[in-house]
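Lettering follows sequence order; numbering is per chain, from 1. Only heavy atoms go into these numbers, but all of them, side chains included; no hydrogens, no water, no symmetry mates. Computed from a predicted structure; not experimentally measured.
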Amino acid sequence: MLTLAFIRENKEIILKGLAVRNFANAEKIIDQVIEKDAFRRTTQTDLDKVLAESNKISKEIGKFYKSGEVQKANLLKEKTSQYKQETKILSEKLSLVETDLNELLYLIPNIPNKLVPSGNSEEDNEVIFQEGDIPKLHKNAIPHWELAKKYDIIDFELGNKITGAGFPVYKGKGAKLQRALITYFLDKNADAGYTEIQPPLLINEASGFGTGQLPDKEGQMYQVGIDNLYLIPTAEVPVTNIYRDVLLKESDFPICNTAYTPCFRREAGSYGAHVRGLNRLHQFDKVEIVRIEHPENSYAALDKMVEHVKCILQELGLPYRILRLCGSDLGFTSALTYDFEVFSTAQNRWLEISSISNFESFQANRLKLRFKNKDGKSELAHTLNGSSLALPRVLAGLLENLQTEEGIKIPDVLVKYTGFDIID
RNA sequence: GGAGAGGUGGCCGAGCGGCUUAAGGCGCACGCUUGGAAAGCGUGUUUAUAAGAGAUUGUAACAAGGGUUCGAAUCCCUUUCUCUCCGCCA
């Protein structure tokens, strides 16, 4: 959520930014916000005046009662009914306009960073980096869902039986490889200075609101209606909400956390070949990194996160590329996002395995996540997060790219975690 | 799940219709004192929002929401969380 002060003072910048996103009716909405905000402020001032007057009278009444001048007190009491009436009308007006304002603010996405290219589809995302050789596979190479069956390491049909589509069962070396990857990612993140967190996997409404899943994206989360809780769609939600309603000191920066969690997504409406196998699941594992930064350092932090993920993919030896997302592909809350994609040789396509974003103060405004700056004023912090990394597609990439006639060769860095070097 | 007790500032803790401008303590910051430190003494120490160039001033906030009242931390209702005991349980 953008702040009112920012909208008031930067209308042109905002309109330019929203144009990069092809955001419709931008000017109309911004004008409405500015108008309603002006009304909100005058109403606030009026209400404060009435309340001040009525507080004053109440105090006088108190004094008269104490000194026994009951008649004078009663006389004043009559005056207060008018103030009460005015207070009621003004505060109703105020809460109404505040509700309207908030609804408008929820419609406005974050303003893209200057680097974000404008665009109409994922075709317009910029490839800014590519590394790793795309392997030449033997002629009997197959996609990962067939490999999973061949070596009996992931059972999709068993998941259908227990739960439904999108809930695979990992077995034997498949389960072990997955666990090895999680531990390896967590160790890499810890080495880079991230503190490991084990958050709850269920969140309440306030948390969903804080990171922007609520009020209108509840359809994408699984709900536990009886207790009014939601299963997390990503560790970002509980880990970022640690800092909801928090006032930090400048010396607290940078805050770097990492968490492994399962993630639950309803993915309503998805279907087809692109969601086959591990490509899109309702439950999947992910290791997330979350940073809270001073506004001056957030872009340097974003670069560090990108370098960190690069280093992991290099070690795993997977061919990957980095995209800078264009305006139309950029998430609602993000100012700048880099997507990492691994090339799946057997599917002959790129698979998204990480998405690293700087939200600037957009999330922090909703979270009320602030810090005391040098002037002693409170200022919104910047939040960033990224996957480091998402398991299923890394697994898919590993299986498909490292398959040989003899079996699937485990990367050297993982062998100490798996305890085996080939799946055959 | 049942019974009881509670939720007050960064922390502890008093207040239980107007003397609260939230006592007192701890912590923290600054100053005095000192060769330096400790102790002692003094001063200061919440957040949000509106107005103002600013110093400041107004308003709101004592778990949350609603109510009673001229006036609520204080009384009433609802919700929520914590603690103790019982029950259940990895």
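- Nearest-nucleotide positions on RNA chain B place A:Arg370 closer to the 5' end than the other of A:Arg370 and A:Lys84.
- Summarising the geometry, the separation between CZ on A:Arg8 and P on B:U49 is reported as 10 Å, rounded to the nearest angstrom.
- Rounded to whole Å, the distance from CZ on A:Phe209 to P on B:A64 is 18 Å.
- Whole-Å rounding puts the A:Lys249 NZ to B:U46 P distance at 16 Å.
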>> What does the 5'-to-3' dot-bracket notation of RNA chain B look like when only Watson-Crick and G-U wobble pairs under 3.5 Å count, and pairs to other strands show as |?
In response: ((((((((.[[[..)..(.....]]]((((((.......))))))((((((....)))))).[[[[[..)....]]]]])))))))....
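- Look at the C1' atom in both B:A64 and B:A73: the space between them is 14 Å, to the nearest Å.
- Between A:Glu53 atom CD and B:A60 atom P there is a gap of 13 Å when expressed in whole angstrom units.
- Salt bridge annotation for A:Glu307-A:Lys310: present, with a cationic side-chain nitrogen under 4.0 angstrom from a carboxylate oxygen.
- As rounded to the nearest Å, B:G18 and B:U74 have C1' atoms that lie 12 Å from one another.
- Interatomic distance, A:Asn257 CG to A:Tyr194 OH, rounded to the nearest 0.5 Å: 10.0 Å.
- With 3.5 Å as the limit, one finds no donor-acceptor pair spanning the side chains of A:Glu360 and A:His382.
- On the P atoms, B:G44 is 29 Å away from B:A53, given to the nearest whole Å.
- As judged by a 4.0 angstrom heavy-atom cut-off over every strand, A:Ser378 is placed among residues touching the sugar-phosphate backbone only.
- A gap of 38 Å separates the P atoms of B:G13 and B:U33, to the nearest Å.
- Only one option out of A:Glu86, A:Glu78, A:Gln85, A:Lys79 pairs with A:Gln82 in a side chain to side chain donor-acceptor pair (under 3.5 Å); it is A:Glu86.
- When heavy atoms are screened at a 4.0 angstrom cut-off, A:Asn55 is found touching the sugar-phosphate backbone but no base atom.
- Note that A:Arg265 lies outside the cation-pi zone of A:Phe284, set by a 6.0 Å cut-off to the ring centre and a 45° limit from the axis.
- The stretch residues 34-49 of chain A comes close to RNA chain B through A:Arg40, A:Arg41, A:Gln44, A:Thr45, A:Asp48, each having a heavy atom under 4.0 Å from the strand.
- For the pair A:Asp252 CG and B:G10 C1', the interatomic distance rounds to 13 Å; values are reported in whole Å.
- A distance of about 15 Å separates the P atoms of B:G24 and B:C41, rounded to the whole Å.
- B:U49 atom C1' lies 16 Å from atom CG of A:Leu90, rounded to whole Å.
- B:G27 and B:C11: their P atoms are spaced 16 Å apart (whole Å).
- Side-chain contact, A:Asn55 with A:Ser58: no donor N or O sits under 3.5 Å from an acceptor N or O.
- Base engagement by A:Tyr65 is indicated by at least one non-hydrogen atom pair under 4.0 Å involving a base atom.
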Please report, to 0.1 Å, the donor-acceptor pairs under 3.5 Å made by any side chain of residues 414-424 of chain A, with sequence neighbours excluded.
residue, atom, partner, partner atom, Å
A:Tyr417, OH, A:Asp187, OD2, 2.6
A:Thr418, OG1, A:Leu414, O, 3.3
A:Thr418, OG1, A:Val415, O, 3.3
A:Thr418, OG1, A:Phe420, N, 3.2
A:Thr418, OG1, A:Phe420, O, 2.7

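- One finds a salt bridge joining A:Lys188 and A:Glu315 here, because a Lys/Arg side-chain nitrogen approaches an Asp/Glu carboxylate oxygen to under 4.0 Å.
- Judged by a 6.0 Å distance limit and a 45° cone about the ring axis, A:Lys88 is not positioned over the six-membered ring of A:Tyr83.
- In this structure, CG in A:Asp329 is found 11.0 Å from OG in A:Ser334, a value given to the nearest 0.5 Å.
- Across the protein-nucleic acid pair, A:Lys372 atom NZ and B:G10 atom P stand 11 Å apart, rounded to whole Å.
- Near-neighbour residues of RNA chain B inside residues 56-64 of chain A, defined by a heavy atom below 4.0 Å, number-ordered: A:Ser58, A:Ile61, A:Gly62.
- The existence of a salt bridge linking A:Lys149 and A:Glu157 is confirmed by a sub-4.0 Å separation between a basic side-chain nitrogen and an acidic carboxylate oxygen.
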Please tabulate, for the side chains in residues 25-36 of chain A, all donor-acceptor contacts under 3.5 angstrom to protein atoms that are two or more places apart in sequence or on a different chain.
residue, atom, partner, partner atom, Å
A:Glu27, OE2, A:Lys11, NZ, 3.4
A:Asp31, OD1, A:Lys11, NZ, 2.7
A:Lys36, NZ, A:Asp100, OD2, 3.4

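- Look at the P atom in both B:C83 and B:A29: the space between them is 32 Å, to the nearest Å.
- Across the C1' atoms, B:G9 and B:A60 are found 16 Å apart, a figure rounded to whole Å.
- Rounded to a whole Å, the CG atom of A:Asp245 is 12 Å from the P atom of B:A64.
- Every residue meeting the side-chain contact (heavy atoms from CB on, under 4.5 Å) condition with A:Glu379, not counting sequence neighbours, appears here in chain and number order: A:Pro295, A:Phe371, A:Asn373.
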